[in-house]
Engineer: 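The structure that follows is given in the form of C-alpha cells.
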Protein chains: 2
Amino acid sequence: MDEASFLAGYNPRDYPAVAVTVDVVALTIRDGRLCVLLVERGQQPFAGHRALPGGFVRDETLDEAALRELAEETGLTPDTGDVLDRVHVEQLRTYGDPGRDPRMRIVSVAYLAFAPHLPEPVAGSDAARAYWVPVDEAKDLAFDHDQILADGLERARDKLEYTPLATAFVGTAFTISELRQVYAAVWGEELHAGNFHRKVLSVPGFVESTGETAARGGERGGPRARLYRAGDARLLHPALLRPTREDRIR
Amino acid sequence: MDEASFLAGYNPRDYPAVAVTVDVVALTIRDGRLCVLLVERGQQPFAGHRALPGGFVRDETLDEAALRELAEETGLTPDTGDVLDRVHVEQLRTYGDPGRDPRMRIVSVAYLAFAPHLPEPVAGSDAARAYWVPVDEAKDLAFDHDQILADGLERARDKLEYTPLATAFVGTAFTISELRQVYAAVWGEELHAGNFHRKVLSVPGFVESTGETAARGGERGGPRARLYRAGDARLLHPALLRPTREDRIR
DNA sequence: AGAATAGTGTCTTTGAGACATTATTTC
DNA sequence: GAAATAATGTCTCAAAGACACTATTCT
C-alpha cells in the first residue's frame with residue numbers, strides 16, 4: 001500500500017465484508033429473582049423467538065453503542081431520566097463464528113449491564129416487545145444468545161466475589177439484608193445472614209453507613225435495619241467467596 | 001426487511017462500513033523475563049513503530065484467526081510443528097473506538113496467547129520483522145496497542161492467581177522452582193521459595209508428580225529437584241493470591 | 001403472643017506468611 | 001569448603017463458617 005492509498009483509506013476489496021453489532025445482557029433483580037431483558041423478534045431469522053437486545057454499531061464507541069441500545073429497548077432516553085446514569089455497563093466478550101447469523105458474517109460485541117431497578121419497558125415505544133424474564137426461564141433464544149447469556153451470568157457471578165458489583169443492583173441507600181438478597185439471587189443459593197452481615201462490614205470500602213435507619217422492619221417482623229451506601233473500593237479485599245462446591249473446581 | 005431481503009442477506013447500505021481484525025498479545029518467558037511478540041511496521045500509519053501482530057479476520061472463527069496470525073508471524077505453521085498445539089489462546093477484549101485507526105473504522109478483537117518457549121521468528125519468512133521484547137521495554141506501540149498490552153498483562157497476572165495458567169509457560173515436565181520463576185516473572189516480584197513450594201503442592205490438581213528427578217541441581221548448587229506435570233484442575237482452590245498490596249485494592 | 005429479622009458473640013478449622021532447619025548439590 | 005537450593009517444620013495471625021444468642025419489630 002503506497003502513500004496515496006493510505007490517505008484514501010483501505011480499499012473495500014482489501015477486507016472481507018463484515019458487520020459489527022452489540023448485544024446487551026441487561027440484568028436486574030425483580031421480586032428477588034435475577035432477570036434479563038429480552039426482546040421478541042418480529043422478523044426472520046428466528047421470528048417469534050426471544051433475543052438479547054442489540055443492533056449495529058454506528059459512529060460511536062462500542063460502550064456508547066451498548067448504552068444506546070439499552071436505552072432504546074427500555075424506552076429510556078439519556079436526557080429524560082438519569083436512571084441510565086446509574087446503570088453499570090461493561091464489555092463481556094465478542095462472538096464471531098461464521099454462520100452465527102445465517103444472512104452474513106456478523107461479529108457481535110456482547111455487553112453486560114447491571115441495573116438497580118429499571119421500569120417495565122413502555123408499550124408504544126420501540127421497546128414495545130421488550131420485557132424482563134427470570135434468567136432460568138430465558139431459554140431457546142435466537143442466534144447464539146443462549147451462550148452469550150450463559151457467559152454473562154458466569155461473569156456476573158464471578159464479579160460479585162471480587163468487586164462491589166452487588167451495589168449496582170440496589171438503590172443508593174440499602175440495607176445489608178437487601179445486599180444479601182442480591183447475592184442470593186445471582187448465586188442462586190441462600191447465605192447465612194449473620195456471617196454475611198459481619199463479613200460485608202469487615203471489607204474496607206465496600207459499604208459505608210449513612211447514619212440512617214430503614215423506615216420500618218422486615219415484612220414479617222424484625223428490627224429496623226441500618227442503611228448503607230456504596231463505598232469507594234473497586235475490589236473487595238478480602239473477597240466474598242461463594243460457598244465452596246467441589247464440582248466448580250475442575 | 002421482508003422475506004426476500006432476508007434470503008438475500010443484508011443490504012450493504014443497511015450497515016456501516018467496518019473491518020474486523022484480530023491482534024494478538026503473545027507472551028512467553030525468556031531468560032526469566034516476561035516477553036511479548038512485536039512486529040516492526042513497514043508502512044503508514046505508524047511506519048517504523050512496533051505493533052502487536054494481527055490482521056483481518058477471514059472466513060474462520062475469531063479463535064482460528066488469532067492462532068493463524070500467531071503462526072504466520074512466528075514463522076511456525078500448524079503442520080510443521082506441534083509447538084503451536086501447546087499454545088494457549090484466549091480472547092482478551094475488543095477495541096473499537098472510532099479513530100483508533102486513522103484510515104477507517106476498525107474493530108479489533110484482541111487475543112492473549114501463552115507459550116512455553118517459541119523459537120525466535122525465522123528471518124526470510126513473513127515474520128522477518130517479528131521478535132520477542134521484554135514487556136517493560138514494549139512502549140510507544142502503534143495504534144492503541146499500549147492499552148491492549150496493558151490489559152493483556154493485567155489479565156495474565158489475574159489468571160495466574162485462579163488458574164493453572166503458569167503451567168502453560170513451562171515444559172511438560174517442570175520443577176516447582178521453574179513454576180515459581182514464572183510467577184515471579186509475570187508478577188514482577190520474588191516469592192518466598194519455601195511457602196510457594198508447600199502451597200503449590202497443597203492445591204488439588206494443580207501439579208502431579210512424574211516420579212522423576214531433574215538431571216542436575218541448580219546452576220549454583222543445591223539438590224536435584226523433583227519433576228511435576230500439569231494436573232487436571234481448571235481452577236486453583238484455594239487460589240495463589242498475589243502478595244497483598246494496598247494500592248491495588250481501590 | 002408468636003414469629004421473623006438485625007446484629008453480635010464465640011468457637012473451630014483452614015490457610016497465608018514469616019522464619020527456621022536439614023539435606024543435597026555445584027563450584 | 002563455601003554457597004546455593006530443595007524440601008519440610010513450626011509458629012502466628014487472619015479469615016471463613018457453624019452456631020448461639022439478644023433485641024427489636026411486624027402480624
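We use all heavy atoms of the structure for the numbers below, so side chains are in, but hydrogens, waters and symmetry mates are not. Because the structure is a prediction, the values reported are computed rather than measured. Lettering of chains follows the sequences in order, A, B, ..., and the numbering in each one begins at 1.
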Engineer: Looking at Leu70(A), Leu52(A), Val133(A), which one forms a side chain to side chain contact (heavy atoms under 4.5 Å, CB included) with Leu37(A)?
Structural biologist: Leu70(A)
Engineer: Let me know the distance between CD of Glu219(A) and P of dG2(C), rounded to the nearest Å.
Structural biologist: 23 Å
Engineer: Counting heavy atoms from C-beta on, name the nucleotide in dA7(D), dG9(C), dG9(D) closest to the side chain of Ala225(B).
Structural biologist: dA7(D)
Engineer: Provide, to the nearest angstrom, the distance between the CZ atom belonging to Phe196(A) and the C1' atom belonging to dA18(D).
Structural biologist: 17 Å
Engineer: Of all the choices, dT25(C), dT25(D), dA6(D), which nucleotide is nearest to the side chain of Arg224(A) once you look at every atom?
Structural biologist: dT25(D)
Engineer: For Leu241(A) and Gly194(A), find the nucleotide of DNA chain D closest to each by heavy atoms; which residue's nucleotide sits nearer the 5' end?
Structural biologist: Leu241(A)
Engineer: Starting the side chain at C-beta, find the nucleotide from dA6(C), dA7(D), dA18(C) nearest to Ile176(B).
Structural biologist: dA7(D)
Engineer: Of the options dA7(D), dA4(C), dA6(C), whose atoms approach the side-chain atoms of His197(B) most closely?
Structural biologist: dA7(D)
Engineer: In terms of the nearest nucleotide of DNA chain C, which residue is placed more toward the 5' end: Pro238(B) or Ala215(B)?
Structural biologist: Pro238(B)
Engineer: Is the phosphate of dA7(D) approached by Arg226(B) (side-chain N or O, under 4.0 Å from OP1 or OP2)?
Structural biologist: yes
Engineer: Would you mind classifying the nucleic acid contact of Ala239(A) as base, sugar-phosphate or nothing, using non-hydrogen atoms under 4.0 angstrom?
Structural biologist: sugar-phosphate
Engineer: Could you please name the option among dA6(D), dC19(C), dA4(C) that lies closest to any side-chain atom of His192(B)?
Structural biologist: dC19(C)
Engineer: Could you pull out the closest heavy-atom pair between Arg224(B) and Ala214(B), with the gap in Å?
Structural biologist: CD-O, 3.3 Å
Engineer: When all nucleic acid strands are considered with a 4.0 Å heavy-atom cut-off, which category describes Arg198(B): base, sugar-phosphate, or nothing?
Structural biologist: base
Engineer: Name the nucleic acid region contacted by Ser202(A), choosing base, sugar-phosphate or nothing; use a 4.0 angstrom heavy-atom cut-off, strictly under.
Structural biologist: nothing
Engineer: Should the pair Tyr162(A) and Tyr162(B) be assigned to parallel (<30°), tilted (30 to 60°) or perpendicular (>60°) ring geometry?
Structural biologist: tilted
Engineer: Have a look at Gly221(B) and say if it touches a base, only the backbone sugar-phosphate, or nothing, with a 4.0 Å heavy-atom cut-off.
Structural biologist: base
Engineer: Just the rounded figure in Å: distance from C1' of dT5(D) to CD of Glu190(B).
Structural biologist: 14 Å
Engineer: Can you tell me the distance, in whole Å, between the CG atom of Leu201(B) and the P atom of dG15(C)?
Structural biologist: 14 Å
Engineer: Counting side-chain heavy atoms from C-beta on, which of dT26(C), dT8(D), dT5(C) comes nearest to Arg216(B)?
Structural biologist: dT26(C)
Engineer: Of the listed nucleotides (dA20(C), dA4(C), dA6(C)), which one gets closest to any side-chain atom of Pro223(A)?
Structural biologist: dA6(C)
Engineer: Find the distance Asn195(B):CG to dT21(C):P and express it as a whole number of Å.
Structural biologist: 16 Å
Engineer: Is the cationic atom of Arg93(B) (NZ for Lys, CZ for Arg) positioned less than 6.0 Å from the six-membered ring centroid of Tyr95(B) and within 45 degrees of its normal?
Structural biologist: yes
Engineer: Can you label the angle between the Phe114(A) ring and the His88(A) ring as parallel, tilted or perpendicular, going by 30° and 60°?
Structural biologist: tilted
